[in-house]
Q: 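Okay, here's the structure, questions in a sec.
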Amino acid sequence: MTDYFVYTGCTTPVRLPAYEAATMAVLKHLGVNAHHMKDVNCCGAQYIESLNRSAFAAMSGRILAIAERFGKDVIAICGACSGSLKHVKHMLDTEPDLKAEVNEILAEEDLEYTGKVEVKHLLQILRDEVGYDAIRRAIVQPYNGVKLAAHYGCHVTRPAEIVQVDDPEVPRSIDDIIEACGGDAVDYAGKVRCCGGPMLAMDEKVATAIGSEKITNVKAAGAKGIVTACVFCNIQLTQVQFGEGGEPKDRIPVLTLPQFMGAAMGIDEETLGMPLNKISPDVLLEFAHRIESKVIRREQEAKR
Amino acid sequence: MGARTETNKGLEIEHTPSSNFAKEIEAEPGGEGISKCIQCGICTASCAVSSFSDRYRPRQLIQKIIIGKRDEVLQSDLPWLCMTCRLCEERCQEGVSPAEIFQAVRHIATREGHIPEVFKSTAEKALSDGWLLGDAYSDFIEDDRDDLGLDTDLGWDNEFTHRLKKKYFSGGEGD
């Protein structure tokens, strides 16, 4: 079986460590050999990428070369990182001059990118390595039909011919996993549109308007929560609900995919970092068996 | 792009770009697709930023490149407003990627010293620390990681990025 490094990127370990913890717990539970990666650097997405193409290729290229050195493939859990690593792999595999330039820099650390390393987004591991049947078998506390909205993340699914994760306009993988966990995946307007996260640095107002529209559309479809596959999307779709006029009672929980799955697989909430979520996921978890009995008990007590 | 004359039922229209900027973009990695743009506007129609911004219009920005407005485009922050969500690229039937074209514009602008402050400072952080969130990693977050059973030593490397800074950004402006 393939051995993997999980490349967390810069943001997850600091802004959303629960995503990291839940990823490791769920992968372990499902029998995927996933290891933490150290002595790496930022993948260079957006900021270095926009300034200098060679420097960007070198930053992501070094991460790929380190994985090669250890004979492991890479799992990325952030949309920006998975996009960068896959894009740079594509650049290095198709541009010999660029590859030579990057390898010349890597040689100072005795590293070399040859191209044998594979990069997968977490979604690909869950769908292709683990498989929906194995996920279904691991579910002990299904969500009992709660309506949920999948948000994929632009850099997770586009450009489709390079990242090869899912259909770029009609993606299914998160929806399928929601249903494997007993939820009811709903469609909503603007499903494959951006969360607005990448715009935060340049224009926060526009970024918030884009994210808020998504929340409005998700609610209009009757969803009680959102399931994400990227750290930036998760933070952005949570954060826009705390803006002006955002009443606490109107907020809907935004769960990362492994948190969502882990709860249905019976992994305890502390391990999944649920208490750290800014919007309590209880409204969703109450649909799972474990808490359903509490709900019923509360209703019975109320009747008495 | 030289002068081009189109004859349509005897009516002569001359299109003369004010500079060869489109050719320059075409020669930059990522900019190859610019000559295929037919200005249909599906990029702007698909764009989440355009929905909420009153000034960012990808079709219009590509048009400015085609008609040769080199200084205006390179000195503007508009090419830096693309989120690279690539929905327009997915929908463009001519195979044009505004995201890639605007990356090419950003690379040229960087070489000429036109970088929005937030890009400059964030890139500087990535190169000096090796990662982006060194300043944000507080004791509280360390405690959260500890509670989650995660390693509190994140082990980021910055020696490599220092070498990249020297090699690619020694002018202080990105090239």
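Just so we're on the same page: letters track the sequence lines, and every chain starts at 1.
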Q: Donor-acceptor pair, distance only, cut-off 3.5 Å: does the side chain of A:His121 make one with the backbone of A:Val165?
A: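 Looks like no, no N/O pair under 3.5 Å.
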Q: For each of B:Leu81, B:Asp147, B:Val118, B:Leu133, tally heavy-atom pairs with chain A at distances under 4.5 Å, and name the one with the top tally.
A: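 Looking at each option in turn, the highest pair count goes to B:Leu133.
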Q: Check each atom of B:Thr161 against the heavy atoms of chain A and say whether the ones under 4.5 Å are side chain, backbone, both or neither.
A: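 Side chain only.
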Q: What residue, out of A:Lys205, A:Glu270, A:His36, A:Gln46, has the most heavy-atom pairs lying under 4.5 Å from chain B?
A: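 Among A:Lys205, A:Glu270, A:His36, A:Gln46, the one with the most close pairs to chain B is A:Gln46.
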Q: At a 4.5 Å cut-off on heavy atoms, which part of B:Ser46 comes close to chain A: side chain, backbone, both, or neither?
A: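 The backbone, not the side chain.
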Q: Measuring from atom CD of B:Glu26 to atom NZ of B:Lys36, what distance do you get when rounded to the nearest 0.5 angstrom?
A: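 One finds 10.0 Å between CD of B:Glu26 and NZ of B:Lys36.
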Q: Any chance the side chains of A:Lys72 and A:His35 put a donor and an acceptor closer than 3.5 Å?
A: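 Their side chains do not contain a donor-acceptor pair, so the 3.5 Å distance test is not met.
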Q: Using heavy-atom distances under 4.5 Å, tell me whether A:Ser50 contacts chain B through its side chain, its backbone, both, or neither.
A: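 Contact with chain B: backbone and side chain both.
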Q: Go through the atoms of B:Ile141 and report whether side chain, backbone, both or neither lie under 4.5 Å from a heavy atom of chain A.
A: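 When you check distances to chain A, only side chain atoms of B:Ile141 fall under 4.5 Å.
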Q: As an exercise: rank A:Met199, A:Arg62, A:Glu213, A:Met91 by heavy-atom pairs under 4.5 Å with chain B and give me the winner.
A: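 Answer, by heavy-atom pair count under 4.5 Å with chain B: A:Arg62.
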Q: Between B:Arg163 and A:Glu108, is there a salt bridge with N-O shorter than 4.0 Å?
A: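 Salt bridge flag = yes for B:Arg163 with A:Glu108.
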Q: Applying side-chain contact (heavy atoms from CB on, under 4.5 Å) between B:Ser50 and each of B:Arg59, B:Arg57, B:Arg55, B:Gln60, report the one that passes.
A: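 Per the side-chain contact (heavy atoms from CB on, under 4.5 Å) rule, the option paired with B:Ser50 is B:Arg57, out of B:Arg59, B:Arg57, B:Arg55, B:Gln60.
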Q: Does any backbone or side-chain atom of A:Thr11 lie under 4.5 Å from a heavy atom of chain B? Answer side chain, backbone, both or neither.
A: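 For A:Thr11, the contact with chain B is made by backbone and side chain together.
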Q: With chain B, which of A:Val206, A:Thr157, A:Val192 has the greatest number of heavy-atom pairs at distances under 4.5 Å?
A: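 The answer is A:Val206.
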Q: If I measure from the heavy atoms of chain B, does A:Ile105 come under 4.5 Å with its side chain, its backbone, both, or neither?
A: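 Looking at A:Ile105, backbone and side chain both touch chain B.
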Q: Can B:Arg91 and A:Glu169 be counted as an ion pair, charged N to O under 4.0 angstrom?
A: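 Counted as a salt bridge, because a side-chain N and a carboxylate O are separated by less than 4.0 Å.
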Q: Between B:Leu150 and chain A, which part of the residue has a heavy atom less than 4.5 Å away: side chain, backbone, both or neither?
A: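 For B:Leu150, the contact with chain A is made by the side chain alone.
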Q: Sort B:Leu164 into side chain, backbone, both or neither according to what part of it lies under 4.5 angstrom from a heavy atom of chain A.
A: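 Side chain only.
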Q: Does any N or O in the side chain of A:Tyr188 come within less than 3.5 Å of the main-chain N or O of A:Ala150, such that one atom is a donor and the other an acceptor?
A: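 Between the backbone of A:Ala150 and the side chain of A:Tyr188 there is a qualifying donor-acceptor contact (under 3.5 Å).
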Q: Taking the basic N atoms (NZ, or NE/NH1/NH2) and the acidic carboxylate oxygens, is any pair closer than 4.0 Å for B:Arg111 and B:Glu28?
A: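 Counted as a salt bridge, because a side-chain N and a carboxylate O are separated by less than 4.0 Å.
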